[in-house]
Structures are given as structure tokens and as C-alpha cells.
Amino acid sequence: MATALIQTAKQEFLRGAHQQALALANQAIAAGSTEAEAYIVAASAHEAMGARLEAAPLFVFAMAKAPALSRQLGFRAVAHYVEAGKPQLAIPVLSNLLQANPEDLDALHTLCSLYREAEDYHAARPHALKLAALGRDFDNWLNAGIIFLGTGDHTAALPLLAAAHAARPGDRLALTEYFWCAINLCDFPLVRQLQARLEAAYAADGETLDIRENVFRSLQWSGDEAYHVLSAINTARQRIGRAAPRRPYRGRSSSRLRIGYVSADYGDHATLALFAGVLEAHDRERFEIFGICHTPAPLRKGALRQRFLDAIDHYVDILALGDDDAARMIAALDLDILVDLKGFTRDHRLGIFARRPVPIQVTYLGFPGSVAGVGIDYAITDAIVTPDSARPFYAETLFTLPDSYQCNDSRRLPVLREGSRSAFGLPEEGFVFCSFNQAVKIRPEVFDAWMSALEAVPGSVLWLIDMVDTAKNNLRRAATERGIDPARLIFAPKLPMDAHLQRLCHADLALDTSPYNGHTTTADALWAGVPVVTFKGSSFASRVCESLLNAVGLRELVAEDLQAFGRLAAELAQDGNRLSRLRHHLYAARQTAPLFDTSRFTRNFEKALLAIEADAAEWAQALTV
């Protein structure tokens, strides 16, 4: 009977009677048929009627019953899951195909693409290794290369991205990814070459740029705020979608302003190292604090984490929730203001803000630029990082703090130079320049200025944070090309923060990076009594160091331009008296400067929150007039 039903179902399907074919196929299945054809006909009928999520599992079920057809059926299921917006359901199907044939290039490529779209690069890595070995075309090379970039393995990514770019020189995504890889490896000749190609491509685009990079990347190499905001809008459109309309604010829901802070960095992270003191110093008579946490589970530990938990009034865990559910949970909290501490950085949850669960939404600290396009209406900054000339490049209304926008923790232990330099691989004699910024921040023109300072100060060394061997070798090669002995570049292994601050005291002068300045790294150096030299920038990220120096009373260390920056560094290195005065100024600044006065900062920050609340109420009132 079942066989007859299946044959009739096939005939009905072939004449286009899909509903009848489905009914007959279902009857056969209900009658106990285990033939693959019954499931294939049912799946095909659903498919023909556009019922993707009904078709896909039937194709998967049929795979085991028809091994000869499993690949074809599996890819049909995968296509339906992806088109229906359920790519996570396609992953086990592809994994099953790869168990049967580990070298199925199409399955490898598709699986890597799905993981990549989900930004689950670490899960994709073992498959990307196979894809890199077996790949034979542009798409394979680019796919594997981007995954290696996502895991931070820039050395492995470079040849793959080079091959992809060579195969299609005009492809913007390949160019962008290759450029980003070169920046991370400090391959300065390649960086210059690729940046010139990228800028030429943008110039040819005219008014509509073909932007393929996340905006956070753009901050590392470009100081153009107009480009940054275009990148932000593009990133929001691609990754988040359209934000909901702004909601009117109806006034306070309680006697205290209810503030929610959203972050993935409530652990041993630079953001919390800066912000923990503010959470502790909040005026609890006027503010009720909600810590809204999506910190990955393995990172929920440490002393900073405990300080965070002790400082807040309410802990809200949204890690396991999708954006819709998280937004509903946050909306139910009846908050007045929701503050994002991430911006367009890894592990952000800006999709929640795009749903506007709270009528007043603010960006602060985590991202040095506009987060245009995600439903955030206000930003807390300062007049140096966002001067009046910057306002046209912000979707947010800017509220500026009187000192620096950056908070700091006055509870940190003061550190002084102790012990010998040689314990840290430094020469006991001679001048020590340092820059403990990540490799990605080191731009070729800034490195040139660093080398000019080393050339002007015989016997000096440059102390850098440790990085991968490829990047170190590229920097040594670049130093040699500029006439500097590469042995004068000394790389420091990464240490816990307290140990690093103690070590940092042995530096004589810190050299900034641009267009992405040192942020926490600059604050660390100033706290350790190490003066920092920078130069004026043209974007938020490139004005941060000036902001911090202003808040410790050392605006004199801000050079007018890159050339003056190199000269100032060399002059200071040869003026021991002035350098000593600067160091002692910084020792005193720990107790006196606005930058390190957490209580003063928090009061000013609270004034900004109250002013934002008043502005939102005024905006809502204007709607009713």
C-alpha cells in the first residue's frame, strides 16, 4: 500500500498538484513507509510550495535512507535553512556530509561561510585549515583567509588573502581584508601599496563608497571622520539592519534615575579597569544602577568582576538571549537610560539598541566615534575628542565632559621605579622610549617618526609589547631600512596589569600612535609616571591622548604635527631636567589631576546623564506641541 501511495504521490507532484502529492506522501509515511522516496516527495512538495522549514528536515531525514543521494539532499536542506534565516540548523547537516567525505570542498566552503557569517571563527578554524589546503579558487582562499583573520592568526591569513587579491584585484572585500592583514603584521611596504589602491578605489566610487570593512577597522588607519561615519552607517546596515524609531521619554519612573550599563567586558578587561570606580562612586540616592551583562562565561572571574558585582544594584544576565528576547527583558526593567559600553567592537550587542527597549540610549567609552545607524541618540565625550568641527560627523547629540571623556580608577596602587632594568631585558644605561600599543596601531609614518627619535638619541632603545614573530621581524626589517640597529627594538612579554604597571615605570618616555592613539595604554603610562608624547589628530581616536594629557596638565606634550612629534620626543630625551620635572608632575597628578579623580569624574558624568534625561524630556514635550 505504501509503495502505491508513493508512486501516486510522485505522479501528482509531476503534474503540479503539490498539495495532493504531500497528502499522499504523508499517508505513506503514516502507514509505516521507510522508503526515502516518501520523504523526498514530501520535502519536494513543501519546497515547491515555499515551505522551507518544513522541507529541510525531511530532506535531512531522507539522507540516511538514500546514501547515494545524501549529498544532493543535504545541500537542498542547507539551502532551505539558510534562506529561511536558520543557518545554525544547516551546520550539523554539513558536518554530516563532511563525516562521509572530509574533502568535500563545497561542504567545507559552505560550512566555513556559515560560521564566518555567525562570527564564530574559532569553531570554523579546523574547517578553514582544510579549506586552505584544498582550496583552488578565489572564494575558497578569501573564505579561509577571513576566518584566520577572525581568530587573530594574521600570519596564516596573509598568503590566502594575497592569492585572493591576485585572483581578483578589483574585488573590494579581498582588498580590504588583505590590507587589514598587512596592517596587523606591520608589513609597511605592503600596507602603503594596498592603502593607495583602496583610496584610489574609493576615489573612483564617487559619492557612494563600496565599503566592506567594519568601522572599527577604519579608525585604525584613517583619520577621516567623514569616512568613519559612512563606515558606521554601512556596518550598521549590514550587521544590524534598520533601527526602530526613537520613542518619546515619559519622565522618570522612580525617584532615582534608573541607568542600565550594557557590556561584554565585565571581567578582566580594560573597559572595566577604567569604569569600575565610576560604578562604585555613583550617587545611590539619585541613581539606581543595572549591570546588564553579556560577558562570555569563561571571562566571568577575577577581582574586577567582583568589584563590578559589588558596585551595582541589579545584575541582569542576557548572554544566552537573542536580541529580541534581551530587548524585551531590558524593556521590562523600566529604565530611564540605557548606556552601551561597546560600540562597534567585538561581542557588541548593538542589535538590542536598534530595537530601542529604552527611550534614552547613550554610547560611552567603548568606541571612539559615532555609532550611527543603531538607534543611539546621545554620546558622552569631551571638547577635545569631539570639537565643534566633529559634530557634523555624529548621528548622536554630544554631551561633553569638562575634563576628559575617559574615566580612570583612583584605587589603583601607585607604582615607582624599582629594581634593575636588565630584569626586563632593557639596558641599564641609555634612554628607553616605549609604546605598548598593539601592532595594528603602528602606522608606517608614525614608525618613521619613532626611528628619527632613536637616530637622534644615541644608545636609546624602543620598548614594545610582544607580538607575533612575523610582525616583529617586519618591524626589525623596517628599522634596518631606516638605519637603526634592529637590536634596539626590545619586545616585552605580556604580563598581568599590576606587574605591567610596575614594569612600565622603567620607561623614560612613551611614544603615541595615530590615527588610533593609545587610550588605556596612555592612561597606564601617565599613572606610572611616564610622560607621553603625541600630536594633534583629526578624529576622536586620534585626539584621545591629547584629551588625557590635558586632564593631567601636560598639554605641552602635544605636538602640532607628525614631524614636530618626532622632534619633541628627541628633545625631551636629551633634556634630563625637563623630563624629571614631567615625571614628578605625574607622580603628583595621581592625587591632584582631574584624569585620576574618580569621584570628580563621576559627579560630572552624572551631570551629563541628568542633562541627557532633561534633553530627552524636552524633545518628547516638543512632539506634543
Side-chain angles (χ1 to χ4, degrees), residues 56 60 74-75 77-99 102 104-135 139-157 160-161 164 173-174 176-177 180-181 184 212-217 235-236 238-241 262-267 269 293-300 317-326 342-352 354 366 374:
V60 173
F75 273 104
V78 166
H80 290 311
Y81 280 135
V82 172
E83 290 297 324
K86 300 289 185 180
Q88 70 277 11
L89 299 179
I91 288 174
V93 182
L94 292 163
S95 298
N96 286 338
L97 291 177
L98 287 169
Q99 284 180 356
D104 186 328
L105 193 55
D106 291 336
L108 276 171
H109 181 81
T110 306
L111 183 59
C112 285
S113 296
L114 294 181
Y115 276 128
R116 178 162 64 86
E117 286 298 314
E119 299 185 356
D120 193 351
Y121 300 110
H122 291 283
R125 181 178 172 81
H127 306 290
L129 288 168
K130 291 181 182 178
L131 183 62
L134 297 171
D139 291 317
N140 298 155
W141 297 324
L142 182 61
N143 202 4
I146 291 175
I147 288 168
F148 288 137
L149 280 186
T151 63
D153 191 350
H154 303 95
T155 300
L160 292 162
L161 296 172
L173 179 60
T176 297
E177 298 295 318
W180 179 248
C181 189
N184 277 274
R212 299 301 184 92
E213 67 180 345
N214 181 296
V215 60
F216 187 64
R217 290 185 178 184
T235 300
Q238 290 187 345
R239 291 292 180 184
I240 296 168
V262 183
S263 183
D265 299 329
Y266 294 139
H269 190 277
C293 175
H294 54 100
T295 304
L299 305 180
R300 298 183 175 194
D317 188 351
I318 61 169
L319 179 63
L321 301 180
D323 288 345
D324 285 332
D325 289 338
K342 291 292 294 178
F344 289 110
T345 60
R346 178 166 288 189
D347 295 329
H348 71 74
R349 296 294 300 273
L350 291 174
I352 296 171
V374 301

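A quick note: this is a predicted structure, and the numbers were derived from the prediction, not measured.
For the pair P296 and A264, the tightest heavy-atom approach, listed with the atom from each and the gap, is CD-O, 3.7 Å. Of all non-hydrogen atoms in C112 and N143, the two that sit nearest each other are CB-ND2, 3.6 Å. Contact between A56 and A77 at its shortest, heavy atoms only, is O-CB, 3.6 Å. The two residues A236 and V374 come nearest to each other via the heavy atoms CB-CG1, 3.8 Å. Contact record, E213 with R217: OE1-CB, 3.6 Å, taken as the closest heavy-atom pair. Pairing each heavy atom of N140 with each of G135, the nearest pair is OD1-CA, 3.5 Å.
Taking CZ of R300 as the reference point, atom OG1 of T295 lies at 6.0 Å (rounded to 0.5 Å). Note that OG1 of T110 is 13.0 Å distant from OH of Y115, once rounded to the nearest 0.5 Å. Atom NE2 in H294 sits 7.5 Å away from atom OH in Y266 (nearest 0.5 Å). Interatomic distance, D106 CG to L111 CG, rounded to the nearest 0.5 Å: 12.5 Å. In this structure, K86 NZ and I91 CD1 are separated by 13.5 Å, a value rounded to the nearest 0.5 Å. Rounding to the nearest 0.5 Å places CG of L134 at 6.5 Å from CG of L108.
Judged by distance alone, the side chains of T235 and N214 never bring a donor and an acceptor atom under 3.5 Å apart.
At least one donor-acceptor pair closer than 3.5 Å links the side chain of N184 to the backbone N or O of W180. Between the side chain of D139 and the main chain of W141, no donor-acceptor pair closer than 3.5 Å is present.
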* How far apart are the C-alpha atoms of L161 and F148, what are their side-chain angles, what is the distance that settles it, and do they pass the side chain to side chain contact (heavy atoms under 4.5 Å, CB included) test? -> CA-CA 10 Å; L161 296 172; F148 288 137; over 6 Å; no
* Does the side chain to side chain contact (heavy atoms under 4.5 Å, CB included) test come out yes or no for R125 and D153, once each step is laid out? -> CA-CA 10 Å; R125 181 178 172 81; D153 191 350; 3.1 Å; yes
* Walk me through it: do R239 and H348 pass the test side chain to side chain contact (heavy atoms under 4.5 Å, CB included)? => CA-CA 11 Å; R239 291 292 180 184; H348 71 74; 5.5 Å; no
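In this structure, D323 pairs ionically with R349, as a charged nitrogen and a carboxylate oxygen lie closer than 4.0 Å.
In this structure, the side chains of K130 and P102 come closer than 4.5 Å at one or more pairs of heavy atoms. L131 has its side chain within reach of L105: a pair of non-hydrogen atoms, C-beta onward, lies under 4.5 Å apart. You'll find the side chain of L350 stays beyond 4.5 Å of the side chain of K342, heavy atoms only.
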